[in-house]
Amino acid sequence: MVDLSGRTAVVTGASRGIGAAAAEHLARHGARLIILCPSAVQGRAAAETVRRRVVAAQVDSVACDLADLHQVRKAAERIVGLVGGRLDLLINNAGVAALPLTRSPSGHEMHFAVNHLGHFALTGHLLPALLKAPRPRVVNVSSVLHWLGRCRPGGPHPSRRYHRWWAYFDSKLANLLFTQGLAAWAQSHQLPLRAIAAHPGLVNTTLGSSALRADGRDLEARLLERMQARWHSPSQAAWPLVRAATDPRVAGGEFLGPGGRWEWSGPPLRVRAARRARDPDAVERLWRLSQRLTGHPFPSSGWPSPKGDR
């Protein structure tokens, strides 16, 4: 890793799992951190954990429920104030999985709302601060399971066809489509911003199993936890995110993940995304839908549409 002294990074979902591990890796190499967590209590605890493990760490926390677009805007304003108007790195890591059908305050399916729309809006609101940095980056965290996702023209699937895992897979595909869209948008505007995607492989965390237990699906939760116990640790799983965030050789639009068999674990390498994650029509549809649903946090002009702006 390069020396990150003088750079400021925002990491969402850094209270536990790979987000917490990535934040610690960045702090150890000199980055100033802003941790975004659902509650102020979680944020303070996460910041204190980083300070305890990295004595010289500079870390602040901001509370934000990514499902609430009003909170996302307010959190972005708070972050801009903390960083003095300039931000070097944004890691969009927070996520939910295996939820029963749940709606955000704006009425969007919760996996789509948190895993994609919240991060789309946050990135757009922080764009002016990112563009004041000489080499800004946005890292969107997807999943090896994005291969099972689908891009649905009208947005997430209707309630009558809802399945908790398919909704999660769809949201992880959306993370990759957003990365491609952001990379194309930056290129069309001749901006130095690099948008990069990463996935951690299969990780030993409570993601998914905690939601299953909360929904009374204890047998499914136990089966998932047995599998998770064999997967690699959050500290190891965070390395694709960290490389995507710091390696100067990684270009915009690339996708990093564990380089082992099936991409379940291993060193952080460039990996292949599903063809549908690189479909320019799907990229454009999702970008336009996300702009509309989040109140157009990105400037609307200049989108490099394969069919021309309409």
Side-chain angles (χ1 to χ4, degrees), residues 12-13 16-19 38 64-72 92-122 140-181 197 199-200 202-203 205-228 231 273-277 279 281-295:
T12 72
R16 58 184 180 180
I18 60 173
C64 177
D65 178 359
L66 284 165
D68 188 329
L69 295 173
H70 176 72
Q71 286 194 35
V72 171
N92 289 321
N93 160 77
V96 294
L99 297 176
L101 181 58
T102 313
R103 298 289 178 184
S104 73
S106 299
H108 308 308
E109 189 278 317
M110 193 62 78
H111 294 90
F112 188 68
V114 173
N115 298 356
H116 170 63
L117 286 180
H119 285 127
F120 182 93
L122 180 67
N140 294 320
V141 180
S142 182
S143 168
V144 67
L145 298 172
H146 81 274
W147 288 84
L148 300 175
R150 294 291 185 274
C151 179
R152 306 171 195 277
H157 38 203
S159 302
R160 66 180 181 278
R161 298 175 58 191
Y162 180 81
H163 188 283
R164 66 184 70 218
W165 285 113
W166 294 116
Y168 172 73
F169 302 152
D170 290 354
S171 72
K172 295 291 101 180
L173 177 63
N175 297 148
L176 283 169
L177 292 169
F178 172 38
T179 303
Q180 292 298 312
H199 81 78
L202 300 182
V203 195
T205 70
T206 59
L207 185 67
S209 61
S210 57
L212 290 170
R213 286 197 180 280
D215 198 30
R217 305 172 77 97
D218 291 339
L219 178 58
E220 290 179 56
R222 286 198 299 271
L223 291 173
L224 180 57
E225 287 164 353
R226 287 184 181 180
M227 290 189 291
Q228 288 172 326
W231 298 346
R275 180 178 297 179
R276 63 178 67 95
D279 176 8
D281 287 336
V283 170
E284 181 186 359
R285 285 198 306 270
L286 181 66
W287 184 276
R288 293 184 183 279
L289 174 67
S290 303
Q291 279 277 72
R292 178 170 58 82
L293 296 180
T294 58

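As a basis for the values below, the full set of heavy atoms in this structure was taken, side chains included, without hydrogen atoms, waters or symmetry mates.
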Taking C-beta and beyond as the side chain, do [X] and [Y] meet within less than 4.5 Å on heavy atoms?
{"X": "Ser106", "Y": "Leu293", "answer": "no"}
{"X": "Thr102", "Y": "Val96", "answer": "no"}
{"X": "Phe169", "Y": "His163", "answer": "no"}
{"X": "Ser104", "Y": "Asp68", "answer": "no"}
{"X": "Glu220", "Y": "Asp215", "answer": "no"}
{"X": "Arg164", "Y": "Arg217", "answer": "yes"}

N/O donor-acceptor pair under 3.5 Å between [X] side chain and [Y] backbone:
{"X": "Asn93", "Y": "Thr12", "value": "yes"}
{"X": "Lys172", "Y": "Trp147", "value": "no"}
{"X": "His111", "Y": "Ala98", "value": "yes"}

Atom pair [atom1] ([X]) and [atom2] ([Y]), whose distance is rounded to the nearest 0.5 Å:
{"X": "Asn175", "Y": "His199", "atom1": "CG", "atom2": "NE2", "answer": "12.5 Å"}
{"X": "Leu117", "Y": "Phe112", "atom1": "CG", "atom2": "CZ", "answer": "4.0 Å"}
{"X": "Trp166", "Y": "Arg150", "atom1": "CH2", "atom2": "CZ", "answer": "7.0 Å"}
{"X": "Leu223", "Y": "Asp218", "atom1": "CG", "atom2": "CG", "answer": "11.0 Å"}
{"X": "Glu109", "Y": "Asp170", "atom1": "CD", "atom2": "CG", "answer": "8.5 Å"}
{"X": "Arg222", "Y": "Leu212", "atom1": "CZ", "atom2": "CG", "answer": "11.5 Å"}

For a quick test of reading the model, state the closest non-hydrogen atom pair linking [X] to [Y] and the distance between them.
{"X": "Leu176", "Y": "Ala197", "answer": "CD2-CB, 3.4 Å"}
{"X": "Val114", "Y": "His119", "answer": "O-ND1, 3.6 Å"}
{"X": "Asn92", "Y": "Leu122", "answer": "OD1-CD2, 4.0 Å"}
{"X": "Gln180", "Y": "Ala277", "answer": "CG-O, 3.6 Å"}
{"X": "Ser171", "Y": "Asn115", "answer": "OG-ND2, 2.9 Å"}
{"X": "Cys151", "Y": "Arg285", "answer": "SG-NH2, 4.0 Å"}

Discussion item. Take a 6.0 Å sphere around CZ of Arg16 and say whether it holds more than 12 heavy atoms from other residues, nucleotides or ligands.
Written reply: no
Worksheet item: What class does the angle between the rings of Phe120 and Trp287 fall in, given that below 30° is parallel, 30 to 60° is tilted and above 60° is perpendicular?
Response: perpendicular
Sorted by chain and residue number, the salt bridge (charged side-chain N to carboxylate O under 4.0 Å, His left out) partners of Asp279 (sequence neighbours excluded) come out as none
